[in-house]
2 protein chains.
Amino acid sequence: MTRTVNERADAVAALAEIFREFGYEGASLSRIGARTGLGKGSLYHFFPGGKEEMAAAVLAEIDGWFERAVFAPLREDPDPAAAIRRMFRETDAYFRSGRRVCLVGAFALGDVRDRFAARIATYFAGWRDALADALRRTGRDEGAAAAEAEHVVSAIQGALVLARAVDDPDVFVRALARLEGGLGLAA
Amino acid sequence: MTRTVNERADAVAALAEIFREFGYEGASLSRIGARTGLGKGSLYHFFPGGKEEMAAAVLAEIDGWFERAVFAPLREDPDPAAAIRRMFRETDAYFRSGRRVCLVGAFALGDVRDRFAARIATYFAGWRDALADALRRTGRDEGAAAAEAEHVVSAIQGALVLARAVDDPDVFVRALARLEGGLGLAA
DNA sequence: TCGCCATTTTACCGATCGGTACACACTGAT
DNA sequence: ATCAGTGTGTACCGATCGGTAAAATGGCGA
């Protein structure tokens, strides 16, 4: 019983890496089977909905992680500046300083956007709105906070694209530093 | 003879839209055939290298267009501020105010990055370096120009991702306005 | 009129795709 | 000992994948 839960969670972690590396279409069941060590029987036992359910589970897990580690603190931490600094720290760690792709962003650009449109939209909207909330609580007015939050979130995504495009993870690190510095948070 | 060239050019334009819409793997030969009106025989006549050559041709065409319409002016226009303003105008038009995806960026995030790594890298590096050159000629020192150029290019990419993710093209329009305004170019 | 050459049509290839069916193994409770 | 329920391995399905081969078509110059 517990074993079931753990195996499925392990599978989701492995699936995340596979989808990140090969995209949705490129992540064939044979590749998934090879990487997870699970045969089709097991995979369809854990994910009766097939590949689509596997990808949905991965997106849900990512969304959940960000909600817990980033979004919620942005909304609830009594010290919004600290929560924002934490956001940059966690973001750098999660994306491995630019060596890791944002799966949600990759899905948003690809042909599978429509299939997972709702989840993709709430992920990005959640990030943007949580950051806007924190920025507003640092003293900015509503409009400025929203504009700045939108800019930071999209710039982070763009930095991931550019870092991978020119094969230079430092692009991402530099972008994070610039964005964080540009917010002028009290140390 | 001329007809040949024209038909191939037409095919490349159609191919660009298909790859944009479905990604590399999603752009099956049957879909390509249906959309271009060309059978496999014709496709392989124009692109003996198959799908890979089709995608390469599309990337080359995109690269060529940006080089002509954006990068070269950035590097050569005696009025660098005007060239930068032109860049924003052309960028907005090319990406249909956020309704169109950047194919190069999508490839960079996907599993086909390795296959087209060189062309992807030169596209983005070309953009960044041309913009840095123009910024330097507006009076910035080398380092500041490079940093700002890198930021603008990646922020544009990110805005395309976010705009598509939340299904709101205005995100892209807002981002362009903010970036252009942030450069403080003389009107 | 002929033949050349670009282009297209059509049929076909083996491989792989996502998905299904089902028999089998293991485990823990009764 | 039996049984239900949780997993797993394997064979198979039709569809589609990217790609090939070769015959038919069509226009254009000699």
Side-chain angles (χ1 to χ4, degrees), chain A residues 1-60 103 106-107 110-116, chain B residues 1-60 103 106-107 110-116:
Chain A
M1 208 52 161
T2 27
R3 185 160 151 267
T4 298
V5 172
N6 288 339
E7 296 248 2
R8 205 192 117 113
D10 291 350
V12 169
L15 284 166
E17 289 311 312
I18 298 171
F19 282 122
R20 238 185 275 276
E21 191 167 343
F22 299 104
Y24 184 78
E25 325 249 318
S28 67
L29 288 186
S30 66
R31 249 201 281 248
I32 291 173
R35 193 90 139 223
T36 60
L38 268 50
K40 287 188 181 186
S42 305
L43 286 171
Y44 274 83
H45 175 72
F46 289 125
F47 309 96
K51 233 174 97 165
E52 180 150 354
E53 186 173 341
M54 298 178 207
V58 168
L59 289 178
L103 182 62
F107 275 16
D111 53 317
V112 286
R113 191 202 66 152
D114 294 354
R115 217 192 293 235
F116 304 108
Chain B
M1 208 52 162
T2 26
R3 185 160 152 269
T4 297
V5 172
N6 288 339
E7 295 247 4
R8 206 192 116 114
D10 291 350
V12 169
L15 284 166
E17 290 310 314
I18 300 171
F19 282 123
R20 238 186 276 275
E21 191 167 342
F22 301 103
Y24 184 78
E25 324 249 321
S28 68
L29 288 185
S30 67
R31 248 201 282 246
I32 292 173
R35 192 93 139 222
T36 61
L38 269 48
K40 286 188 183 186
S42 304
L43 287 170
Y44 274 82
H45 176 71
F46 290 124
F47 309 95
K51 234 173 97 166
E52 180 149 354
E53 185 173 342
M54 298 179 207
V58 168
L59 289 178
L103 182 62
F107 275 16
D111 52 317
V112 285
R113 191 201 67 153
D114 293 355
R115 217 191 294 236
F116 304 108

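Reckoned from all heavy atoms, side chains included, excluding hydrogens, waters and symmetry mates. In the text below, chain A, chain B and the rest are named by the order of the sequence lines, each starting its count at 1.
Between B:R35 and B:E21, the closest side-chain pair of non-hydrogen atoms falls below 4.5 Å. Put simply, the side chain of B:L29 reaches to within 4.5 Å of the side chain of B:Y44, judged on heavy atoms. The closest side-chain heavy-atom distance from A:F47 to A:R8 is below 4.5 Å. By the 4.5 Å heavy-atom criterion applied to side chains, A:T36 and A:I18 are counted as neighbours. In this structure the side chain of A:E52 reaches within 4.5 angstrom of the side chain of A:F116, judged on heavy atoms. By the 4.5 Å heavy-atom criterion applied to side chains, B:L43 and B:K51 are not counted as neighbours.
Rounding to the nearest 0.5 angstrom, the gap separating the CG atom in A:L15 from the CD atom in A:E53 is 11.0 Å.
Taking atom CZ of B:F46 as the reference point, atom C1' of C:dT9 lies 14 Å away to the nearest angstrom. In this structure, B:I18 places its CD1 atom 12 Å from P of D:dG18, rounding to the nearest Å. Following rounding to the nearest Å, A:E7 (CD) and C:dT27 (C1') show an atom-to-atom distance of 14 Å. Atoms CG (A:D111) and P (D:dC17) sit 13 Å apart, rounded to a whole Å. Summarising the geometry, the separation between NE2 on B:H45 and P on C:dT8 is reported as 7 Å, rounded to the nearest angstrom. The CZ atom of B:R115 sits 11 Å away from the P atom of D:dG18 (whole-angstrom rounding). Regarding B:F47, its CZ atom lies at a distance of 12 Å from the P atom of C:dT8, rounded to whole Å.
Contacts with DNA chain D (heavy atom under 4.0 Å) in residues 50-58 of chain A: none are found. Within residues 24-43 of chain A, the residues having any heavy atom under 4.0 Å from DNA chain C are, by residue number, A:A27, A:S28, A:L29, A:S30, A:K40.
Under the 30°/60° scheme for interplanar angles, the aromatic rings of B:Y24 and B:F107 are found to stand perpendicular.
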